[in-house]
Amino acid sequence: MPAALMDGELGSLLKVSAAVWAAMSYARVAAARISPGAGRLAALMPAVVLFYGIPFAFTTSGFRGISGFFLSWLGTFKLFLHAAGRGPLDPSLPLPQFVCSASLPVKLRQSTSSGKAKKQDPASAATKILLSGGLISFILYAFQFREVMSRWQLLLLYTALIYFSVDFLLASVQGVIHGVLGMEMEPQVDRPYLASSLRDFWGRRWNLMVPAILRPSVYGPVRARFGVAAGVLASFLVSGLMHELIFYYLMWQPPSGDVAAFFVLNGACAAAEAWWGRHAGWWRPPRVVAVPLTLAFVGGTGFWLFFPALIRGGLDELMLKDFQGMLALMEQAGRWLAGAAGPVLSTR
């Protein structure tokens, strides 16, 4: 049964991929013929609606969550920016690059042999995939003993699961982009454990495609009208609401508001931090103190508001089922390959 479930998911993935390619082909042609503004937005709305509906095509939480993040959040925001004539999408891009830019959490750059941009080693992506995949498997195995774990142990496991899942996803995308398009992906995570402030953590180190999308779509317009603090708060509020949507896709449960509260709280503190930083003579903690304080705040508020929502929704059980289904599918594929190779080997 698990193998059949995952087999059905792969079939859904093929259908969704075809739908995304068709929708983005249409969006590219429509944007090339319609000037930025309300007309282009109206033309792109069918693609936006499709992106919000795609997670419903999947049964497992993993596929729903990934498609929700890639398409329902980042993809739709890229289309909204595209309607206004702003990047990262451009109808002059070749179709494969346009589709990848729209549907994957990446910002592409041309490979270069100069020293201005650091080239990414494909072997490094493969190493990250293997390492993160192995650690995710270990974490999911450890979840089987959650009945004897304390609340803090469970929260630490969830923290590790999210970190290595993001690392695994981004490394996988990097491998596909480099292998298929011959392009490189701008780094999306930059050692978040070294963040010395909330602005440093959320804006320059963690999941960088999100702030790259929120800056032009939310922060910039709000800041221009209401100031820096309002722009920061609006960006974190929108991020919280979109995380609530992704949690709904993951667990099929109505939003609790806790996840949005986590981001609003971090946003309010980041705005206060920025206000304090504008006063040149005011005290600032040394880096050796600021780093653990930042991580303690993000982790503490996460343990209070973010991760309990995952525990209540039973995400660990859902991911265990997904993992078991993937293992069963891999076992089934291995047996098929062994059966297919048997007659060939016996003739030698």
Side-chain angles (χ1 to χ4, degrees), residues 118 124 128 131-132 135-136 138-139 142 149-171 186-215 218-220 222-223 226-240 242-243 257-311:
K118 183 180 178 181
S124 174
K128 284 186 177 181
L131 179 60
S132 299
L135 290 170
I136 290 170
F138 173 78
I139 293 169
M149 292 182 184
S150 68
R151 176 181 177 85
W152 291 104
Q153 288 172 321
L154 271 177
L155 292 173
L156 287 172
L157 277 181
Y158 271 109
T159 303
L161 178 63
I162 287 180
Y163 179 85
F164 290 113
S165 295
V166 170
D167 206 38
F168 178 85
L169 278 175
L170 294 177
E186 292 193 349
Q188 298 301 304
V189 177
D190 183 16
R191 299 167 295 175
Y193 46 83
L194 296 180
S196 59
S197 67
L198 292 176
R199 290 172 297 162
D200 188 27
F201 181 89
W202 293 112
R204 294 185 287 271
R205 291 190 179 274
W206 176 250
N207 205 4
L208 299 180
M209 195 63 231
V210 171
I213 287 296
L214 290 177
R215 283 190 192 102
V218 179
Y219 174 76
V222 174
R223 177 188 177 183
F226 303 105
V228 173
V232 172
L233 287 173
S235 299
F236 275 87
L237 174 60
V238 170
S239 180
M242 297 310 297
H243 275 84
D258 290 348
V259 177
F262 164 77
F263 283 98
V264 170
L265 176 59
N266 274 260
C269 292
E273 184 184 78
W275 172 79
W276 185 280
R278 287 195 293 271
H279 297 79
W282 289 15
W283 176 84
R284 290 173 179 77
R287 184 175 181 83
V288 68
V289 176
V291 170
L293 282 178
T294 300
L295 297 181
F297 182 85
V298 174
T301 55
F303 287 173
W304 172 33
L305 294 169
F306 188 88
F307 295 109
L310 299 177
I311 296 175

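Basis for what follows: all heavy atoms, side chains included, without hydrogens, waters or symmetry-related copies.
- Atoms OG and CG, on S196 and L293 in that order, are 11.0 Å from each other to the nearest 0.5 Å.
- Looking at every heavy atom in both residues, N207 comes nearest to V189 through N-CG2, 4.1 Å.
- Rounded to the nearest 0.5 Å, atoms CD1 (I213) and OG (S235) are 12.0 Å apart.
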Candidate pair R204 and D190, rule side chain to side chain contact (heavy atoms under 4.5 Å, CB included), full reasoning: CA-CA 7 Å; R204 294 185 287 271; D190 183 16; over 6 Å; no
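- Here the straight-line distance linking atom CZ of F164 with atom OG1 of T159 works out to 11.0 Å at 0.5 Å rounding.
- Annotation for V259 and A309: closest pair CG2-CB, 3.9 Å, computed over non-hydrogen atoms.
- When all heavy atoms of L198 and A270 are compared, the closest pair comes out as CD1-N, 3.8 Å.
- Within the structure, no pair that satisfies the side-chain hydrogen bond (donor to acceptor under 3.5 Å, both in side chains) test touches residues 289-299, not counting sequence neighbours.
- The ring pair (Phe, Tyr, Trp, His ring centres under 6.0 Å) test with F262 is passed by exactly one of F307, F306, F297: F306.
- For residues 272-281, the set of pairs meeting the salt bridge (Lys or Arg N to Asp or Glu O under 4.0 Å) definition, not counting sequence neighbours, comprises R199-E273.
- Using a 4.5 Å cut-off on side-chain heavy atoms (C-beta onward), W206 and V298 make no contact.
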Going through the checks in order, is the side chain to side chain contact (heavy atoms under 4.5 Å, CB included) test met by L157 and M149? CA-CA 10 Å; L157 277 181; M149 292 182 184; 3.5 Å; yes
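- Considering all non-hydrogen atoms of both residues, G203 and P211 come closest at O-CG, 4.1 Å.
- Taking CG from L237 and CG from L214, the interatomic distance works out to 10.5 Å, rounded to the nearest 0.5 Å.
- Listed by first and then second residue, the salt bridge (Lys or Arg N to Asp or Glu O under 4.0 Å) pairs that reach into residues 281-303 come to none, sequence neighbours excluded.
- With sequence neighbours left out, W275 forms a ring pair (Phe, Tyr, Trp, His ring centres under 6.0 Å) with H279, W282.
- The stretch residues 297-309 participates, sequence neighbours left out, in no salt bridge (Lys or Arg N to Asp or Glu O under 4.0 Å) pair at all.
- Between Y219 and V228, the closest side-chain pair of non-hydrogen atoms falls below 4.5 Å.
- Atom CZ of F201 is separated from atom CG of L295 by 7.0 Å, given to the nearest 0.5 angstrom.
- Note that the CG atom of L156 and the CZ atom of F303 stand 4.5 Å from one another [nearest 0.5 Å].
- For F263, the ring pair (Phe, Tyr, Trp, His ring centres under 6.0 Å) partners at least two apart in sequence or on another chain are W202, H243.
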